[in-house]
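So the structure is just underneath, and the comments pick up after that.
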Amino acid sequence: MKSAKELTRQIRELAKKKNAIILAHNYQISEVQDLADLTGDSLALSIQASKTDADIIVFCGVHFMAEAASIVCPDKKVIIPVEDAGCAMADMLTAQQLRQFKKEHPGVPVVTYVNSSAEVKAESDICCTSANAIQVVKWTRAPEVIMTPDKNLAAWVRRHTDQIVHAWNGYCPIHDELTVEAVKHAMTEHPDAVLMAHPECPEEVLELAHVVRSTSGMLKYAAETDYEEYIVATEVGLLHPLKKQNPDKKFYPASTEMICKDMKKTGLQQILNALENEEPVVKVEEKIREKAFKAVERMMQVPRD
Ligand code: 13P
Ligand code: SF4
């Protein structure tokens with residue numbers, strides 16, 4: 001078996017030769033984050049994907065993220081190293097279900113979280129991410145909106161606007177299972193720590209949080225504040241960049257059980273294989289892509305926090 005150092009060297013060499021860029025989400029395993037050209041949250045990575053002049057995008061994340069890159073960069077080859085790295089939340093809503101939900105709320109604009117399939121995005125008016133969901137809903141200026149697929153993100157938005165929010169009943173199992181008891185336990189263990197939580201957590205957990213942020217929002221907050229200790233209520237992969245970027249500070253997981261198995265499927269060997277073979281390719285069918293692109297493009301016009 002090759003060492004991580006050797007695999008990293010081979011991947012970097014091949015990426016240069018093929019003019020490929022390697023993107024990694026903040027939840028990827030440390031070796032993958034360290035190897036990537038760019039790391040970030042879903043929105044940052046979609047924006048970077050749209051700006052790159054690389055011929056190949058290797059997306060180390062889950063399927064909807066690679067699809068989002070294919071939506072904004074139709075001329076580039078988008079590769080996902082592990083084909084079945086999916087998102088349980090995205091799988092909780094199909095385009096057919098959304099069409100039915102829209103019939104129940106005729107004329108109401110649909111705001112869809114990027115954690116969704118291209119088909120669902122194509123049925124939506126505008127996308128949002130955890131970093132800009134409140135701004136996007138306010139930006140619609142609609143008295144009522146449909147929010148899909150995350151009920152927790154929708155509840156968080158509802159608390160920050162006067163607009164009526166009709167939420168789809170989807171959720172991220174990793175965040176939704178975080179209990180108030182687990183968080184209170186972490187707070188008792190680390191009484192001086194600030195609690196940062198992702199808006200995919202249940203409402204009762206968000207009520208305890210000092211700040212609610214996307215993954216990149218948490219990185220920014222930790223870098224810009226002077227606290228010494230932070231409790232992190234999101235997938236444990238984020239602890240790696242937090243610790244790396246703030247070596248003098250301490251970060252504790254709200255629960256060590258917050259592990260997204262799909263985000264951990266990608267390893268260095270899979271990245272090397274994918275680059276060598278230039279597959280599995282993620283390509284969104286043009287008819288769907290055009291419609292989904294409109295929803296993503298609208299989102300990109302909305303300022304983020
Ligand atoms: P971010 O956009 O905050 O990185 O979150 C993506 C995600 O999948 C959260 O579970
Ligand atoms: Fe999907 Fe949750 Fe995994 Fe994020 S952590 S990719 S929302 S299953």
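Whatever order the structure lists them in is the order used to number ligands and atoms, beginning at 1.
Results of the side-chain hydrogen bond (donor to acceptor under 3.5 Å, both in side chains) test with Glu13 over Arg9, Lys16, Gln10 single out Arg9 as the only residue that passes.
Contacts of Phe64 classified as ring pair (Phe, Tyr, Trp, His ring centres under 6.0 Å), with partners at least two apart in sequence or in another chain: none.
Taking every non-hydrogen atom of Tyr27 and a distance limit under 4.0 Å, the qualifying atoms of ligand 1 come out as 7 (C), 8 (O), 9 (C), 10 (O). Applying the 4.0 Å criterion to heavy atoms of Glu200 picks out, from ligand 2, the atoms 7 (S). In summary, the atoms of ligand 1 found under 4.0 Å from a heavy atom of Ser214, numbered by their order in the structure, are 3 (O). Counting the atoms of ligand 1 from 1 in the order shown, those under 4.0 Å from a heavy atom of Thr215 are 1 (P), 3 (O), 4 (O). Which parts of ligand 1 touch His198 is read off a 4.0 Å heavy-atom cut-off, strictly below it: atoms 1 (P), 3 (O), 5 (O), 9 (C).
When only interatomic distances are considered, the shortest N/O to N/O separation between Asn115 and ligand 1 falls below 3.5 Å. Where the criterion is an N or O separation shorter than 3.5 Å, residue side chain and backbone included, Thr129 fails it with respect to ligand 1. At a 3.5 angstrom cut-off on N or O pairs, Ser130 counts as close to ligand 1. Below 3.5 Å of separation, one finds an N or O of His25 facing an N or O of ligand 1.
The ring of Tyr171 has its center no closer than 6.0 angstrom to the ring center of His175.
The distance from atom NZ of Lys283 to atom OG of Ser70, rounded to the nearest 0.5 Å, is 5.0 Å.
If you check the side chains of Glu144 and His166, you find a donor sitting under 3.5 Å from an acceptor. Between the side chains of Tyr230 and Lys250, no donor N or O sits under 3.5 Å from an acceptor N or O. Checked by atom type, the side-chain pair Ser30/Gln33 shows no donor-acceptor distance below 3.5 Å. For the residue pair Tyr252 and Glu189, no side-chain donor N or O sits within less than 3.5 Å of a side-chain acceptor on the partner. Using a 3.5 Å distance cut-off with no hydrogens or angles, the side chains of His240 and Asp34 do pair a donor with an acceptor. Between the side chains of Thr129 and Ser42, not a single donor N or O lies within less than 3.5 Å of an accepting N or O. Defined by atom type and a distance below 3.5 Å, a donor-acceptor pair is missing between the side-chain atoms of Thr215 and Asp41.
The shortest contact between atom 2 (O) of ligand 1 and any protein heavy atom is with Ser42 OG, 2.9 Å.
The set of protein atoms (N, O or S) found at less than 2.8 Å from atom 3 (Fe) of ligand 2 reads Cys260 SG, by chain and number.
In this structure a side-chain-to-backbone donor-acceptor pair under 3.5 Å is present from Gln270 to Gly267.
At least one heavy atom of His175 sits closer than 4.0 Å to an atom of ligand 1. Using 4.0 Å as the threshold, Arg213 has no heavy atom nearer than that to any atom of ligand 1. At least one heavy atom of Glu200 lies less than 4.0 angstrom from ligand 1.
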